[in-house]
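See structure below.
Predicted model, so just to flag it, every value in this text is computed and none were measured. Computation of the quantities below employed the complete heavy-atom set of this structure, encompassing side-chain atoms and omitting hydrogens, waters and symmetry-equivalent molecules.
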Amino acid sequence: MSRRALRRLRGEQRGQEPLGPDALQFVLRDDDDAEEEGSRRGSGGRRPGAAGKEGVRVNNRFELINIEDLEDDPMVNRERSDCALPDTVVSRKNKGGVQCGNSETKHAADVTKAMSPEQPNASGKLRKKKRKQKSKKSCTGESSENGLEDIDRILERIEDSSGFSCPGPPPPSCRKHVLYVEHRHLNPDTELKRYFGARAVLGEQRPRQRQRVYPKCTWLTTPKSTWPRYSKPGLSMRLLESKKGLSFFAFEHNEEYQQAQHKFLAAVESMEPNNIVVLLQTSPYHVDSLLQLSDACRFQEDQEMARDLIERALYSMECAFHPLFSLTSGTCRLDYRRPENRSFYLALYKQMSFLEKRGCPRTALEHCKLILSLEPDEDPLCMLLLIDHLALRARNYEYLIRLFQEWEAHRNLSQLPNFAFSVPLAYFLLSQQTDLPEHELASAREQASLLIQQALTMFPGALMPLLESCSVRPDAAVSSHRFFGPDAEISQPPALSQLVSLYLGRSHFLWKEPATMSWLEENVRKVLQAVDAGDPAVEACENRRKVLYQRAPRNIHRHVILSEIKEAIAALPPDVTTQSMMGFDPLPPLDTIYSYVRPERLSPVSHGNTIALFFRSLLPNYTTEGERLEEGLAGGPNHNQGLNRLMLAVRDMMANFHFNDVEVPREDNPEGEGDWD
């Protein structure tokens, strides 16, 4: 049985041996003496001295606790053997004339002479252990050095293959995705605090009162205490599939939400906003009703109420997010062809418009990146026509340049007039900053001049409208030249004229600075010199304009309608302007994917009411009391468009319909003569 087990049976504990009067003697010695003492103690096994003697000499005050267990514990023995010196080294030192005058060293020498004959074996074991440990340390050191050398070689190979060995900016793999959205920039208070300070922004929120508790913390909006109590409206989101690192989601409507959607469509057909208000009293978080009523409030100049309704719609949709749906990763997709997903696109776009008008371009830029990341290939709202404007307003020139450099190869961004003019402007404004090195400023200025000359060569019809919008009178040599004259604006295709009008109506004020105008004038003269010299690039750009801009796609028309820029709306083709425009779904895709269809409306002949049939023939929106209980039961989307056109025609007819007053001659004056006084 071991010593530890015997102690436990006796009820004894470590370090409780009876101590004599001279037990605790702390002797100050040199390090060499301590090493010799430790080596002799380790080579001799257990230290002499027990409970029956006068006391225990202690060089370490903690040795009272561990002195009995050193032999039992193999780990402690191994550590102490590492620290102990071999007997041969000690003997050599003694032979060399190393003498110690302490009584402790003499006592240790006497103890070593009186050791058992097993000392050679113990010292041999200690030597073997030390050799093994030295070999282990050397092996581990060599392996770690080899591992570091291997890592360095791998890194050198990667740098050689990728071409990033020279110092500079981090490689693209270390950067964030170009459509990465930051949560803190989705909150407009973050930008307002930077402009006006936290005290001015949060002054009204300082007195914390007991507010209504909302079930979820959201990033897009902040719930308000004035909103109705939130209850799940029947809106949810499900994961369709995941492939190639992308996750495809879709919003879903349950039966209750579908009934509310049918009632909403019937209210829209009635052309009466009060019907939508009545619907919101029963379904306060119905998204399409909130979007449509927001447009009505905006038309009535109630901007605060319109913005509040948009925020409530975003809150309703964010509460329905799937747990795996991420706003910031840039890998989550929503198909715009599904009507349930379009509400989220439109709510984000209208929220972005309010933020830009509020003076928060940085926050609006994050919302624009979020919309673009939901479906970047199709870009259903054509956010590429807007993202450059927001980046310039937010003075985020580096982001605009990076987006252009990464997407130019596969998206041909230089063929859009907004990117063709905004990117050189970003380079020029970047060259005006004083905190950059001189060589970077010169490089940015040179790149800006090169790109603006290419833009003026490709889109010569944009110069004169730009100068006119900036209230700048052009030089006679420029206005009378055939390349920049009136013929350049007239000869460009209608689709290109629409894009140019959209860009100038939105971003012309960014060019009004005197330094920017002088830089533009300098490059216009260089372009005229190239045109007079017969540069072949001029003819190539002219042929490209005739081929590329035949007709604008449907997403550009949708963007123009949402932008509400008068110059661009006036350039829309007639087949677009004659269609009925619904604020909750402008220009729906032709390949829409319907998850459920509205049931057909009951035929009015079945009621057999002649008066109802008469009023229905005059007013298509007329419904009887029995039909009002079944609101929302109507036909498909094609029937709705035809019905809306018919309603507009009937309303115009009734507004223009009036009776002409016909004078009837009096009996007392049949000839109609007399005074008109």
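- Among all heavy-atom pairs drawn from Pro424 and Leu451, the shortest one is CB-CB, 3.7 Å.
- Of all non-hydrogen atoms in Pro588 and Arg558, the two that sit nearest each other are C-NH2, 4.1 Å.
- Residues Arg554 and Pro589 are not in side-chain contact: their nearest non-hydrogen atoms beyond the backbone lie 4.5 Å or more apart.
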Step-by-step side chain to side chain contact (heavy atoms under 4.5 Å, CB included) determination, Cys541 to Arg545:
CA-CA 6 Å; Cys541 290; Arg545 285 195 301 270; 4.2 Å; yes
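- Using a 4.5 Å heavy-atom threshold, the side chains of His439 and Ser443 count as separate.
- A distance-only check finds no donor-acceptor pair linking the side chain of Glu489 to the backbone of Pro465 [under 3.5 Å].
- Contact annotation: the side chain of Tyr427 never approaches that of Ile452 to less than 4.5 Å [non-hydrogen atoms, C-beta and beyond].
- Residues meeting the side chain to side chain contact (heavy atoms under 4.5 Å, CB included) test with Tyr195, sequence neighbours left out: Glu191, Pro361.
- The aromatic rings of His481 and Phe483 sit perpendicular to each other, their planes meeting at more than 60°, with 30° as the lower class boundary.
- Side-chain contact of His389 with Ser507: a donor-acceptor pair under 3.5 Å is present, judged by distance alone.
- Side-chain contact between Phe459 and Gln454 is absent, with no heavy-atom pair separated by less than 4.5 Å.
- Side-chain contact between Arg358 and Thr363 is absent, with no heavy atoms from C-beta onward closer than 4.5 Å.
- Within 6.0 Å of the CZ atom in Phe248, the count of heavy atoms belonging to other residues, nucleotides or ligands exceeds 12.
- Looking at every heavy atom in both residues, Thr577 comes nearest to Pro574 through OG1-O, 3.1 Å.
- Atom OG of Ser247 and atom CG of Leu239 lie 6.0 Å apart (nearest 0.5 Å).
- Ring planes of Phe251 and Phe321: tilted class, angle from 30 to 60°.
- Atom CG of Leu425 and atom CG of Leu520 lie 9.5 Å apart (nearest 0.5 Å).
- Within 6.0 Å of CD in Glu468 there are 12 or fewer heavy atoms belonging to other residues, nucleotides or ligands.
- Proximity of a side-chain donor or acceptor of Ser316 to a complementary backbone N or O of Arg312 within less than 3.5 Å is not detected.
- Of the candidates Asp335, Asp585, Asp288, Asp585 is the only one forming a side-chain hydrogen bond (donor to acceptor under 3.5 Å, both in side chains) with Arg342.
- In this structure, Arg445 contributes its side chain and Phe428 its backbone to no donor-acceptor pair below 3.5 Å.
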For side chain to side chain contact (heavy atoms under 4.5 Å, CB included), just list the numbers for Glu567 and Leu504, CA-CA rounded to whole Å, side-chain angles, deciding distance to a tenth of an Å, and then say yes or no.
CA-CA 9 Å; Glu567 297 83 359; Leu504 297 180; over 6 Å; no
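- Panel note: side chain Asn187, backbone His183; no donor-acceptor pair is recorded below 3.5 Å.
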Step by step, work out the side chain to side chain contact (heavy atoms under 4.5 Å, CB included) result for Phe325 and Glu318.
CA-CA 10 Å; Phe325 185 80; Glu318 191 171 1; over 6 Å; no
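- Thr457 contributes a side-chain N or O that, together with a main-chain N or O of Gln453, makes up a donor-acceptor pair within less than 3.5 Å.
- Other residues, nucleotides and ligands place more than 12 heavy atoms under 6.0 Å from the NZ atom of Lys512.
- When atom types are taken as modelled, the side chain of Tyr549 and the backbone of Leu499 share no donor-acceptor pair closer than 3.5 angstrom.
- One finds the CG atom of Leu430 at 5.0 Å from the CD atom of Gln433 (value rounded to the nearest 0.5 Å).
- Put simply, the side chain of Trp407 does not reach to within 4.5 Å of the side chain of Asn412, judged on heavy atoms.
- With a 4.5 Å cut-off on side-chain heavy atoms, Phe249 and Cys332 count as touching.
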Please walk me through it: do His557 and Leu572 pass side chain to side chain contact (heavy atoms under 4.5 Å, CB included)?
CA-CA 7 Å; His557 294 159; Leu572 287 173; 3.8 Å; yes
Show the numbers, then the answer: is there a salt bridge (charged side-chain N to carboxylate O under 4.0 Å, His left out) between Glu241 and Arg333?
CA-CA 10 Å; Glu241 61 177 346; Arg333 300 290 184 263; over 6 Å; no
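- Atoms CG and CG, from Leu456 and Asn523 in turn, are 7.0 Å apart once rounded to the nearest 0.5 Å.
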Side-chain donor-acceptor pairs under 3.5 Å in residues 375-388, sequence neighbours left out?
unit_1: Glu375; atom_1: OE1; unit_2: Tyr336; atom_2: N; d: 3.1
unit_1: Glu375; atom_1: OE1; unit_2: Tyr345; atom_2: OH; d: 3.4
unit_1: Asp379; atom_1: OD1; unit_2: Cys382; atom_2: N; d: 3.2
unit_1: Asp379; atom_1: OD1; unit_2: Met383; atom_2: N; d: 2.9
unit_1: Asp379; atom_1: OD2; unit_2: Met383; atom_2: N; d: 3.1
unit_1: Asp379; atom_1: OD2; unit_2: Leu384; atom_2: N; d: 3.4
unit_1: Asp388; atom_1: OD1; unit_2: Asn418; atom_2: ND2; d: 2.9
unit_1: Asp388; atom_1: OD2; unit_2: Ser422; atom_2: OG; d: 2.6

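- With rounding to the nearest 0.5 angstrom, the CG atom of Leu220 is 11.5 Å from the CD atom of Glu366.
- Ion pairing of Arg338 with Glu340 is absent here, as no side-chain N (NZ or NE/NH1/NH2) approaches a carboxylate O to less than 4.0 Å.
- In this structure, the side chains of Leu441 and Leu436 come closer than 4.5 Å at one or more pairs of heavy atoms.
- Here Arg411 does not pair with Glu406 in a salt bridge; the nearest charged N to carboxylate O distance is not below 4.0 Å.
- With respect to Arg402 and Glu398, no salt bridge is recorded, no charged nitrogen being found less than 4.0 Å from a carboxylate O.
- Across Trp219 and Leu327, no two heavy atoms sit closer than the pair CB-CD1, 4.3 Å.
- Glu408 and Ser414 share a side-chain donor-acceptor pair at under 3.5 Å.
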Considering only distance and modelled atom types, tabulate donor-acceptor pairs under 3.5 Å from the side chains of residues 302-309, sequence neighbours left out.
unit_1: Asp302; atom_1: OD1; unit_2: Met305; atom_2: N; d: 3.4
unit_1: Glu304; atom_1: OE1; unit_2: Arg307; atom_2: NH2; d: 2.9
unit_1: Glu304; atom_1: OE2; unit_2: Arg307; atom_2: NH2; d: 3.0
unit_1: Asp308; atom_1: OD1; unit_2: Lys224; atom_2: NZ; d: 3.2
unit_1: Asp308; atom_1: OD1; unit_2: Trp227; atom_2: NE1; d: 3.0
unit_1: Asp308; atom_1: OD2; unit_2: Trp227; atom_2: NE1; d: 3.2

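- Checked against the 6.0 Å centroid threshold, Trp511 and His508 do not count as a close aromatic pair.
- Applying the 6.0 Å contact sphere to CZ of Arg194 captures more than 12 heavy atoms from other residues, nucleotides or ligands.
- Between Leu390 and Ala364 the shortest heavy-atom distance is CD1-O, 3.6 Å.
- From Phe196, atom CZ reaches atom CG of Asp189 across 12.0 Å, with rounding to the nearest 0.5 Å.
- Note: Tyr349 and His559 have perpendicular aromatic rings, judged against thresholds of 30 and 60 degrees for the angle between ring planes.
- Contact detail for Ala495 and Ala552: the closest heavy-atom pair is CB-N, 3.7 Å.
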